[in-house]
Amino acid sequence: MMIRKDTLLYKVTQLHWFLLLTIIAMAMFGSLILFSAGSSAHDLETGLLKIDARYAMDHIFRFTIMLGVALFVALLPLRLWAALAYPGYALGIVLLFGVEVAGNIVNGSQRWLTIGPLTLQPSELMKIAVPLAVARYYHQVFSSGRTSLWIHIVALIMVLIPVGFVLKQPDLGTALMILGAGCSVIFFAGISLRIVGGIIVLLIAMAPVVYFFGLHDYQRERIHTMWDPAADPLGAGYQLQQGMIAIGSGGLAGKGFMEGAQKELEYIPEQHTDFIFTIVAEEFGFAGSMVMLAAWAIAIVQGMSIASSSRSSFGALAAASFTTTLLLYVGINIGMVIGLLPVVGIPLPLISYGGTAIVTVMVGFGLLMAVHLNRANDMTLRGLL
Amino acid sequence: MSRDWKNLFPSRRMIFLTGGGVVFLGLTARLAELQLFRQQEFETKAREVRIKLEPAPPHRGTIYDRNGRELASSKRNFYVTLRPEVASASRDKLTRQAEIGDVIERIGKLLRLSDAKKRSLLQDATTPPAHRDVLVADDLTWEEFAQVNVMAPELNGISAEVGELRSYPLQAAFYHTIGYVQKANEADISRMVDAELAAAGETLDSPEGKKRAVAVRRLYKHPAMRVGKQGIEAYGEMALKGEPGNERLLQNATGRVIDRLPSEDLAGKPGADVVLSIDADIQAFAIRRFGIEAGSAVMIDIATGEVICMMSTPSPDPNLFVSGIASAPYKALREDERNPLYHKAYDGVYPPGSTFKMVVAAAALESGAMKPEDQVSCPGKAWYYTRFYNCWRPEGHGVVNLHTGLQKSCDCYFYRAAQRTGIEEIAKIAKRFGLGHRYELGITGGKSGVVPNNEWKLTNPRIKEKWYDGDTISAGIGQGYVTATPFELAVMVARIAGGPQMPDPHMIVGGIRVPDNTITPMGEFKPGVLEAVRAGMFAVTSEGGGTAVRSGELDPEGKLPAPYTNARMAGKSGSAQVRVITAAERDSRGRAIPNEKLPWKLRDHALFVAFAPADNPRYAVSVIVEHGGSGSSVAAPIARDLLAEALRIDPGARKAFVPRARDLAAAAATSGKQPT
């Protein structure tokens, strides 16, 4: 059967099905893990099978909704998203400013903004909006053919303004993510490697200064805890240490589905959100952890290949940037759970329980697939805002 | 110059992918370190030293009688627990079973446990989860405890502990009212979780609710924790149990508790002490007085509404239940035809028989259907509608009026009175006298008897018929559909004696509040109504021809102090048939087969309700002797003796005991003071 090329159906057939199936498989694995997080083969109190599928059901529900959103994003023309990049960025800045002025304080940081019935976390929006705006900026600059270092400096300022706002909330994790996503655009846009190297050297040199003067006490404590989790077993290092015991005791093959013992003792706070990887590692062992990492590696390589196939600079830069975001999510989350990085509040996408991260990640995947569908379009400036 | 980035992109991609590869390699290396090379270490750690917070059962509130006598208290308890994960660390099921079995065998020899007990222990200890304490035995002697302590290091997973155990010093006397505590089963635990969540206004959906539920579960799983199973122990569980504290335990790598760390800052709050209005001496006297008879007695202080005695007999010793009762003795208790487990006074529903005649008399007078002087002639039986209704005395009573009708308990008079008054008026007065209501006393169980009328009969799912005129005739002598519990009968006679001013009956005077807003108020009667009924009851015991005339004297020797000197009681007998008397069971003169010739189980219940002193009522009592035969000859003497004892002790003269408040903060402050 022939499908006409200008129909929606044709577009659907041209979707990046491999990436899509990888995402779905990972989200399903995530709900399996969340099922285990609530359940237990031998409940501590009763010794019986205990089943609590609420986390898992919620997760599937949210994922299904967001899968729809991702497909919607993917099937709309990429031009539209390019056109919306600047307004989105501007809106994000306004909202961040709003948070600063009138935000809700939750757990000591001011991240949320309530507008009527809506509660927003604008910093989350910026994980997508910042790289899109910067990519759009480069797209325009490259079309006009200009090139100089100033171009990159302007881009860097575009990145640093929202990062500054988010740091002030304070939300170190999200700030780092926005910084990473934004800088990755500058990196892929071709900033000289010498400058990149210079900045890295400068950052390393400044690290002690930042550590002693630029960080909050609790942030310093988290870094200290990472080196020596046993120093304060009932305080900051507790979660980390118990998490590592769970991971380590999993061994090669793991203890088996729903057989994790640490979770029953409720030793690991936030285990179903940021520390979800401890369940993967405890119940499915090293083997399971490797499968998980491999799945993410596949997603990241796919993202990068989509980026390089794009003829438009906007598409390529946006795709590369979102792929970087994915790498940051996975690297930071797993890195902190296994004690390589200080504890910052970064969830594991598609696996962790929670509503905000899945929105960001699925919108990002939608954009990635939109870039893939529009890879042949070099998007001249005509018709763009 | 878009060429620039296009040309650069592959190399940038290469750098990115290399960087990503390094990150993933780093993660892999670290995971390999944790999961492959250091697995052993973490696996040990998973079971290792932690400062563990174990819930510490709070001190359970004491239950006192009105004089401050302890009815339920806590005694020191030496007990032994087994932690399965320490007894055997093996993952293989058979090895585990063997290793744990060996430990149980050895501790069993030491404590002389029965084979059945050892089997059930092994069953329990080999069921996951292994990281909890299983109770091996409790209520040990000091010698046994010391021996276990000495042996414990050789017995993996065994530890000897000291805690508190509930004890009931008066044994059987308060089984039905106070109830008992026992180890909580799954149903108890979910009940308590629900109760705690409801009290805190939380649900399982919220994190706090979930946390609370887990805490409650852990507490009731503690080997030293018990839960109230019935009576006040169950009703007042929330108040009695107190707030659990926590104890810091230091566990070593094998899970053995190596040390208890100071935990004063985590101490819980002891439970509330509960004070009953019951006088333990009168209660004990009542049980002795019943002897081998089965039955119940309820006594109420008319002036205060306080329940002075509420006993059912025979009654088991609640101490038997605290550590779990074996199945054979329990079966024996359950199958005993004298129903020791049954709270006859509160749950037992009996036909009130002739004790209901006061209700009919009051209803007839109050409604104006009869005047006190109206006469009815009694030929021994009377024809109503479709058949003859027999009087208990086949020879008849001649001409009787209200006073002599009550005095001689003439059935014919009350057939007539009931017929003229009608069931609706009778039911109204019965309710006002306190019948047909389950009184909330702060204990589990409790029933309400039936005060029938047309509406009741139509809506009762098992009858669904209209009220027949003949039903009213039977109701007139307390038969047919009318039923009442001994407690309701005690309230009835207390209200008759005390009048509308009598306070509502209650049994708990301190510790927990037991409001009952649904009690029907007595309301004012026409002048002379209650007086006429009381006079009739006085005649029963004190005028020639009264059915219980031998039992009226409470102070034959005049030894009681004023105002009780030479006191008399007023009362009314009753007997409740437990079977329908068929024509074949009557002899040629229409007499039923006398009770003494029937098997015990078929004899009538003997009832007596009374108050004393007759001229200035203070105590009201209802007595029922199951299958005792005649109320006037069996139950009346018991009622007389109980009232005489009550007048002698006069519990109502003293205010109920108030326990000393256990003010922990104050206690700590005093003990911390340095002598100067």
Side-chain angles (χ1 to χ4, degrees), chain A residues 41-48 54 138-139 142-143 145-147 184 187-190 193 233-234 241 244-252 254 261-262 264-267 281 285-286 289-290 293 296-297 300-301 304-305 307-308 313 316-317 320 323-324 327 330-331 334-335 338-340 378, chain B residues 1-17 19-52 124 127-132 186 189 205 210-211 213-214 216-218 220-221:
Chain A
H42 309 290
D43 182 50
L44 177 66
E45 306 304 334
T46 60
L48 306 172
R54 268 182 309 165
Y138 277 116
H139 187 81
F142 291 152
S143 309
R146 280 177 293 144
T147 174
S184 72
F187 172 76
F188 284 106
L193 283 179
L234 292 177
Q241 200 176 21
M244 273 161 59
I245 288 174
I247 295 168
S249 63
L252 175 64
Q262 296 291 305
E264 285 187 65
L265 303 170
E266 289 167 38
Y267 279 148
F286 183 70
S289 312
M290 285 302 104
L293 285 185
W296 280 115
I300 287 166
V301 170
M304 221 10 103
S305 85
S308 34
S313 44
L317 293 179
T323 309
T324 311
L327 178 66
V330 177
I334 299 183
I338 63 183
L340 289 178
D378 61 5
Chain B
M1 279 202 268
S2 56
R3 284 295 100 193
D4 271 354
W5 76 268
K6 269 264 142 97
N7 294 336
L8 274 174
F9 200 87
S11 72
R12 293 293 153 105
R13 186 182 63 195
M14 204 54 230
I15 295 172
F16 172 82
L17 288 178
V22 169
V23 168
F24 273 65
L25 222 76
L27 297 180
T28 306
R30 174 68 167 176
L31 281 169
E33 180 206 343
L34 295 179
Q35 299 194 285
L36 301 183
F37 302 113
R38 289 168 65 187
Q39 189 212 350
Q40 278 302 318
E41 173 195 333
F42 283 113
E43 197 159 340
T44 331
K45 260 197 187 155
R47 277 181 278 138
E48 184 194 88
V49 196
R50 18 183 106 107
I51 295 172
K52 211 178 97 191
D124 195 2
T127 316
H131 43 68
R132 80 204 143 104
E186 212 29 62
I189 294 177
D205 302 325
K210 231 173 162 175
K211 220 165 162 186
V214 169
V216 173
R217 289 193 150 269
R218 274 202 196 153
Y220 280 104
K221 288 270 179 182

* **Verdict with reasoning, B:Phe42 to A:Ile247, per side chain to side chain contact (heavy atoms under 4.5 Å, CB included)** => CA-CA 8 Å; B:Phe42 283 113; A:Ile247 295 168; over 6 Å; no
* **A:Arg54/B:Asp205 under side chain to side chain contact (heavy atoms under 4.5 Å, CB included): CA gap, chis, key distance, verdict** => CA-CA 10 Å; A:Arg54 268 182 309 165; B:Asp205 302 325; 3.7 Å; yes
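With a 4.5 angstrom heavy-atom cutoff, B:Asp124 does not touch chain A via any of its atoms. Residue contact with chain B, scored on non-hydrogen atoms closer than 4.5 Å, involves the side chain of A:Met290 exclusively. Residue contact with chain A, scored on non-hydrogen atoms closer than 4.5 Å, involves the side chain of B:Leu17 exclusively. Both the backbone and the side chain of A:Ala307 come within contact range of chain B, each with at least one heavy atom under 4.5 Å from a heavy atom of that chain. When heavy atoms are compared at a cutoff of 4.5 Å, B:Leu36 approaches chain A solely by way of its side chain, counted from C-beta outward. Only the side chain of A:Ile300 comes within contact range of chain B, judged by heavy atoms closer than 4.5 Å. With a threshold of 4.5 angstrom between heavy atoms, B:Ile15 approaches chain A through side-chain atoms but not through N, CA, C or O.
With values rounded to the nearest 0.5 angstrom, A:Ile245 atom CD1 is found 9.0 Å from B:Glu41 atom CD. Note that CD of B:Glu33 is 8.5 Å distant from CG of A:Leu340, once rounded to the nearest 0.5 Å. Distance check, rounded to the nearest 0.5 Å: OG of A:Ser249 to CD of B:Gln35 gives 8.5 Å. A distance of 9.5 Å separates CZ of B:Arg13 from CZ of A:Phe188, quoted to the nearest 0.5 Å. The CZ atom of B:Arg12 sits 12.0 Å away from atom OG of A:Ser184, with the distance rounded to the nearest 0.5 Å.
Summarising the geometry of A:Leu327 relative to B:Phe24, their closest heavy-atom pair is CD1-CE1, 3.5 Å, with the distance given to 0.1 Å.
Your options are A:Gly254, A:Ala281, A:Gly251, A:Gly250, and the one with the most heavy-atom pairs under 4.5 Å with chain B is A:Gly251. Of the listed residues A:Ala316, A:Ser308, A:Gly331, the one with more heavy-atom pairs under 4.5 angstrom with chain B than any other is A:Ser308.
Remark: side-chain polar atoms of B:Arg30 are paired, donor with acceptor, to backbone N or O of A:Ile338 under 3.5 angstrom.
Aromatic pair A:Phe187/B:Phe16: centroids not less than 6.0 angstrom apart.
Residues A:Val330 and B:Val23 have side chains not in contact (no heavy-atom distance under 4.5 Å, counting atoms from C-beta outward).
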